[in-house]
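The structure under discussion appears below in the form of structure tokens.
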Amino acid sequence: MTDSPKPDPTQEPSPEAKPVDDASASTKEAKADTPAAKPSFFAELKRRKVVRVAITYAIVAWLIVQIAAATFPGFEIPMWAFRFVVLMLILGFPVALLLAWAFELTPDGIKLTKNVSEGQKAATSQGKRNWLSYGFAAALPTLIFGALALYFYFTRSVVDPSSEVFEKSIAVLPFDNRSNVDEDQFFTDGIHDDLLTQISRIRDIKTISRTSVMAYKDTTKNMRQIGEELGVATLLEGGVQRSGDQIRINMQLIDASKDKHIWAETYTREMSARNVFAIQSEITDAVAAALRSVLSPEEQEHLKEAPTENLEALEAFFEGRKELNKRTAESILQAIVHFRRAVELDSSFARAYAQWAICELLLIFHAGRSPEEQVAKTESLIESAFGLDTRLEDSYVALGMQERYRGGSRMATALAFEKAVELNPNNIDVYAEYAPFLIWDMGRPEDAVELLEKAYRIDPKNAQVQGNLADALRLSSQSEEALELLSDVIRENPDQSHLHHVLGVIYIDSFQDYPNAIESLRTAHSLNPLNPNILSSLAQVYASVGDLDSTVYWLDRIVRKHPRYEDVEFCRLKRDALSGDMQAALDTYRLNYTIGNQLFAGCSMVSNWDEDPSDKAWALEQIEGPIEFIVDEDQRLLPLVWALEASVLYASALRANGLHEEARSIQSAILEYLSERDEKKTSWAVTAPMLAYALAGETQIALAELRGYVESGGAVLLTAEKGLVSIYSDLLYEELKDESEFQELVAIMNERIAAQRAEIERMEANGELAPIPKMDDL
């Protein structure tokens, strides 16, 4: 047996040879991982970044609440959804703190804090932990808001006034006149109108406009039924009594769904303008409080200011509003008298200046006044209104109308209307003026439809709004929907001239149903015989069926009765031309024309019919200025409703002056425009596209367009008789008259038109058309 070698006591054993004490090693490692002293609770909160998470979460949540408050109303997300978002953000706060306390970032990932050793904690950088806490605290509330906002947006329903009720919504019902004299009714109505305006300025509350609530004057319907019909949660009703030098106003706010009072109050004060507005301010504050609506400092300040302290001026203003609300030529003229008196009695009455200016501009449409003259009248009025108060939506409405009729900057006009909407999103007058601008000046009928649908929700009983909406639908290629809407509205409002006028235009332009068009337009004229636009539509429809005598008759009524109508010289040109004196008609137009809607048509007639080169050159010069408004820097046509028709007539005028190269340039822009257009097109653009192709030498395309139109049932009069229908028809006939297919298609349409004319004559003979008011009676 061999002996084992003995260890050398002088030699240090190698690490491998050292004995290992497992228990000792474990103890040392445990000591290394055990803190020397347990930190305090607050120190641990700080180390785990809980405090940092709390502060960051609170800041981000506050910003989200501000964003939601500003954006939810614009996307028509209901107010209860906003409150739900706030509640979820509040509930998410303790969740964020618990998560920050329970989890930590380590080199091995996110772990429960209790499973993280001191070594792992030390290995994680301080900066990395800071960014994690910031990111987590910001991401959690943002995730909550984003998910809820998307959910509410995509699940929201389109508002139907008859089915959906806004929680913060109110209808101010007509007040009772509790005075002993009927003459005080105007004062009662004035206080109602003014209080309604005050409440409507609270952006957080949906307020039903005056026209809709006036339908419930002296109604026997109960509150629940009224609330359901108007789509509101609350109703405000009351009465006004003037007795000597005292005024008493009784008010009560009613929960429409339960037909129960929320609050009632009686206000008795000494009769003065300041006290009237003070009572209105108190009522407005009470309504805002009851509906839990928070007024901004600006809203609070504006609502408490009395626009006038002169009681007579206030009464004159109320009288003016009463007349203006009727919206006829006569009532607008009478309203001007009252507003003028209001500012004479109180030169610091800003709203009276603004309303006066609006009246002057409304006369352009309602009474055929010259835009140039009416704009000049409003310069000082609008300047006075803004000099006294820059927060009135009425002033911005007037400014927008003024800029539009002046032919000024489209951007300036749009900004004025947008500011008016911002100041009072419940003001129907803003939408009534903004929508036509969007259609005719901006070429955005679809946006006008959206705007007027919003107006309809605010004022569901307003026939004027519904008529404008139907017209916008027609111009956005939704004529069937427009016809359906008008049929229902006219049934409820048979005495509204505007509705019958729009209906007649739809029958002409979209359906070529001339008998129904004449029936509607004759009714419109009998209800409002002083509106020259209705007369112009009547002349158009009689021309469409080839009734020369009737066309001349209606044109003559415009010339004789409306000498300041913006299109009067064009009407005179057509009347005289159809009466047989073509040269006299051209000379008269050249010397007396006004720049109106028919500028292009009238000057194109001069260019194409007049033999005098100087007359042709003059007519072209008149067109060249306005044409810049429909062609952009790259010589592309802007998508305006009237851009196609105007540019086609411009091209024809260039050709008539021998400028064929220039004509080809604009024709190229027209053809590019036509290639990109929507296939759904309204009939007001029937002959213009055909003429555009014919002028550009694209005869077969022009014939194909006409063939498709005839096969779809269309019927437009194309004749050699100059001026009977339109310059488009005249030029198209001249370009295509030698084509055999063209003559065949014309014969088919003439047969259809002859049948419709016979029906019109039958209706006239049987007394089925509204009588024509005598000129001497107007």
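Counting begins at 1 with the first residue of the sequence.
- Contact record, A398 with L361: O-CD1, 3.5 Å, taken as the closest heavy-atom pair.
- N325 places a side-chain heavy atom less than 4.5 Å from the side chain of R321.
- For the pair E761 and R757, the salt-bridge criterion is met [side-chain N within less than 4.0 Å of a carboxylate O].
- Side-chain contact between H525 and W554 is present, with heavy atoms from C-beta onward closer than 4.5 Å.
- Pairing each heavy atom of T378 with each of A357, the nearest pair is CG2-O, 3.6 Å.
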Could you walk me through whether R406 and E379 satisfy the salt bridge (charged side-chain N to carboxylate O under 4.0 Å, His left out) test, starting with their C-alpha distance in whole Å, then the side-chain angles of each, then the deciding distance to 0.1 Å, before giving a yes or no? CA-CA 11 Å; R406 191 205 306 275; E379 295 285 359; 2.7 Å; yes

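- Side-chain atoms of Y709 come within 3.5 Å of backbone N or O of A715 as a donor-acceptor pair.
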Can you check salt bridge (charged side-chain N to carboxylate O under 4.0 Å, His left out) on E735 and R655, steps first, answer last? CA-CA 13 Å; E735 291 293 325; R655 285 208 331 171; 2.5 Å; yes

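- Panel note: side chain S209, backbone T211; no donor-acceptor pair is recorded below 3.5 Å.
- Checking side-chain atoms of E323 against main-chain N and O of E319 turns up no donor-acceptor pair under 3.5 Å.
- Using modelled atom types, no side-chain atom of R564 and backbone atom of S370 make a donor-acceptor pair closer than 3.5 Å.
- Side-chain contact between Y514 and I508 is present, with heavy atoms from C-beta onward closer than 4.5 Å.
- A donor-acceptor distance shorter than 3.5 angstrom exists from the side chain of Q374 to the backbone of E360, with no hydrogens or angles considered.
- Inspection of the Q355 and D394 side chains reveals an N or O donor paired with an N or O acceptor under 3.5 Å.
- Taking a cutoff of 4.0 Å between a charged side-chain nitrogen and a carboxylate oxygen, R327 and D429 qualify as a salt bridge.
- No side-chain heavy atom of T719 sits less than 4.5 Å from a side-chain heavy atom of Y733.
- Side-chain contact between I772 and Y553: present, with at least one pair of heavy atoms (C-beta onward) separated by less than 4.5 Å.
- The CG atom of L555 lies 10.5 Å from the CG atom of L538; values are rounded to the nearest 0.5 Å.
- Checking E418 against Y396 by side-chain atom types alone, no donor-acceptor pair falls below 3.5 Å.
- Of the inter-residue distances, the one linking L586 atom CG with K616 atom NZ reads 9.5 Å to the nearest 0.5 angstrom.
- Side chains of H498 and N468 form a contact here, defined as non-hydrogen atoms less than 4.5 Å apart.
- Other residues, nucleotides and ligands contribute at most 12 non-hydrogen atoms within 6.0 Å of the CZ atom of R341.
- Panel note: side chain H500, backbone P494; a donor-acceptor pair is recorded below 3.5 Å.
- When all heavy atoms of V559 and V568 are compared, the closest pair comes out as CA-CG2, 3.9 Å.
- Counting only distance, with no hydrogens or angles, the side chain of N657 and the backbone of A653 share a donor-acceptor pair below 3.5 Å.
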If you apply the rule side chain to side chain contact (heavy atoms under 4.5 Å, CB included), what do you find for E519 with N516, and how did you get there? CA-CA 5 Å; E519 183 178 18; N516 274 324; 3.5 Å; yes

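- Heavy-atom minimum distance, G320 versus A335: O-CB, 3.4 Å.
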Under the side chain to side chain contact (heavy atoms under 4.5 Å, CB included) criterion, do L399 and F417 qualify, and how do the steps go? CA-CA 8 Å; L399 179 62; F417 285 133; over 6 Å; no

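- Rounding to the nearest 0.5 Å gives a distance of 12.0 Å between OG1 of T523 and CG of D495.
- Distance alone, capped at 3.5 Å, is enough to place a donor-acceptor pair between the N592 side chain and the T588 backbone.
- Between P436 and Y431, the shortest heavy-atom contact is CD-O, 4.3 Å.
- Here D730 does not pair with K722 in a salt bridge; the nearest charged N to carboxylate O distance is not below 4.0 Å.
- For E372, the CD atom sits in a loose shell: 12 or fewer heavy atoms of surrounding residues, nucleotides or ligands are nearer than 6.0 Å.
- Side-chain contact annotation: S652 with S604, donor-acceptor N/O pair under 3.5 Å present.
- Taking OG from S579 and CZ from R572, the interatomic distance works out to 12.0 Å, rounded to the nearest 0.5 Å.
- More than 12 heavy atoms of other residues, nucleotides or ligands lie within 6.0 Å of CD in E768, so this atom counts as buried by the packing criterion.
- In this structure, W618 and Y589 have perpendicular ring planes: the angle between them is above 60°, well past the 30° mark.
- A distance of 10.5 Å separates CG of L654 from CG of L695, quoted to the nearest 0.5 Å.
- A donor-acceptor pair under 3.5 Å is absent between the side-chain atoms of S510 and the main chain of Y507, judged by distance alone.
- Contact annotation: the side chain of L362 approaches that of L324 to within less than 4.5 Å [non-hydrogen atoms, C-beta and beyond].
- Once rounded to the nearest 0.5 Å, the distance linking CE of M605 with CG of L649 reads 9.0 Å.
- No hydrogens or angles considered: nothing links the side chains of Q466 and N462 as a donor-acceptor pair under 3.5 Å.
- Between the side chain of D581 and the backbone N or O of A584, at least one donor-acceptor pair lies under 3.5 Å.
- Taking every heavy atom of both residues into account, W609 and A577 meet most closely at CZ3-CB, 4.4 Å.
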With side chain to side chain contact (heavy atoms under 4.5 Å, CB included) as the test, would you mind laying out the steps for L644 and V648 before giving the verdict? CA-CA 6 Å; L644 174 63; V648 169; 4.1 Å; yes

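- Checked against a 6.0 Å centroid threshold, the rings of F317 and F339 count as neighbours.
- Annotation for R762: atom CZ counts as buried by contact number, over 12 foreign heavy atoms lying within 6.0 Å.
- With respect to R590, the side chain to side chain donor-acceptor pair (under 3.5 Å) criterion is satisfied by exactly one of D612, D610, D615: D615.
- No side-chain heavy atom of R410 sits less than 4.5 Å from a side-chain heavy atom of T413.
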Checking side chain to side chain contact (heavy atoms under 4.5 Å, CB included) for the pair L637/I630: CA distance, chi angles, key distance, verdict? CA-CA 6 Å; L637 263 64; I630 61 174; 5.5 Å; no

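- Under 3.5 Å, the side chains of N533 and Y565 contain a donor-acceptor pair of N or O atoms.
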